[in-house]
Amino acid sequence: MMLTRAWSGFLILVGVWTWVIWPRFGVAIWNDARAWSTGEIGQGSPTSFLWVHALLIGASLVIGTTVGVLGIRAWRAATAARR
């Protein structure tokens, strides 16, 4: 299956978007008092709130990276097919 350059570009943008949004969300979760057992940021042990969100962020970054890499590969294939 060959993707068009437009769809390939879309996949690349999704990959970039993932890396723009999710790390910022990770910082917000880290700085949330609910993430720590003492209720003070960075103090005490991490709560399940932090662990669940860390898992979601990690999975999203892996999926976004995969989509971005597939987009790059599809872009290169579409470019080579045009020659």
Side-chain angles (χ1 to χ4, degrees):
M1 177 177 156
M2 181 77 68
L3 292 177
T4 65
R5 288 179 67 178
W7 279 110
S8 301
F10 174 75
L11 293 178
I12 293 167
L13 288 175
V14 168
V16 170
W17 176 256
T18 298
W19 278 95
V20 169
I21 293 303
W22 286 105
R24 292 181 54 150
F25 184 64
V27 171
I29 294 299
W30 183 271
N31 291 327
D32 192 318
R34 294 175 291 178
W36 305 100
S37 61
T38 61
E40 292 183 39
I41 298 166
Q43 302 297 315
S45 59
T47 64
S48 57
F49 177 83
L50 178 68
W51 288 116
V52 167
H53 284 88
L55 179 65
L56 290 172
I57 292 165
S60 294
L61 288 173
V62 168
I63 292 167
T65 301
T66 302
V67 168
V69 168
L70 290 173
I72 291 169
R73 291 180 66 187
W75 182 278
R76 289 181 180 167
T79 301
R82 294 175 102 191
R83 292 181 187 174

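Every value quoted in this text rests on a predicted model; they were computed, and no experiment measured them. These values consider heavy atoms only, across backbone and side chains, with no hydrogens, waters or symmetry-generated copies.
- Pairing each heavy atom of Ala81 with each of Met2, the nearest pair is CB-CE, 4.1 Å.
- Connection of Trp75 to Met1 is not established within any shared hydrophobic cluster, with ILVMFWY side chains joined at heavy-atom distances below 4.5 Å, either directly or through further cluster members.
- Gly39 and Ala33 get closest at one heavy-atom pair: O-CB, 3.2 Å.
- Not one N or O on the side chain of Ser45 forms a donor-acceptor pair closer than 3.5 Å with the backbone of Ser37.
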Working for side chain to side chain contact (heavy atoms under 4.5 Å, CB included), residues Leu3 and Leu70: CA-CA 10 Å; Leu3 292 177; Leu70 290 173; over 6 Å; no
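- Side-chain heavy atoms closer than 4.5 Å link hydrophobic residues (I, L, V, M, F, W, Y) into clusters, and following such links, even through other members, never connects Val69 to Val67.
- Residues Phe10 and Ile63 share a hydrophobic cluster, clusters being chains of Ile/Leu/Val/Met/Phe/Trp/Tyr side chains in contact below 4.5 Å.
- Sorted by first and then second residue, the pairs that involve residues 33-48 and meet salt bridge (charged side-chain N to carboxylate O under 4.0 Å, His left out), not counting sequence neighbours, are Asp32-Arg34.
- A continuous path of hydrophobic side-chain contacts links Trp19 to Ile57 [ILVMFWY only; heavy atoms under 4.5 Å].
- Separating the OG1 atom in Thr18 from the CG atom in Leu13 is a distance of 10.5 Å, to the nearest 0.5 Å.
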Can you give each donor-acceptor pair under 3.5 Å made by side-chain atoms of residues 21-29, sequence neighbours left out, with the distance rounded to 0.1 Å?
none

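- Around CZ of Arg5, the count of heavy atoms belonging to other residues, nucleotides or ligands within 6.0 Å exceeds 12.
- In terms of the ring pair (Phe, Tyr, Trp, His ring centres under 6.0 Å) criterion, residue partners of Trp30 (sequence neighbours excluded) are, by chain and number, Trp36.
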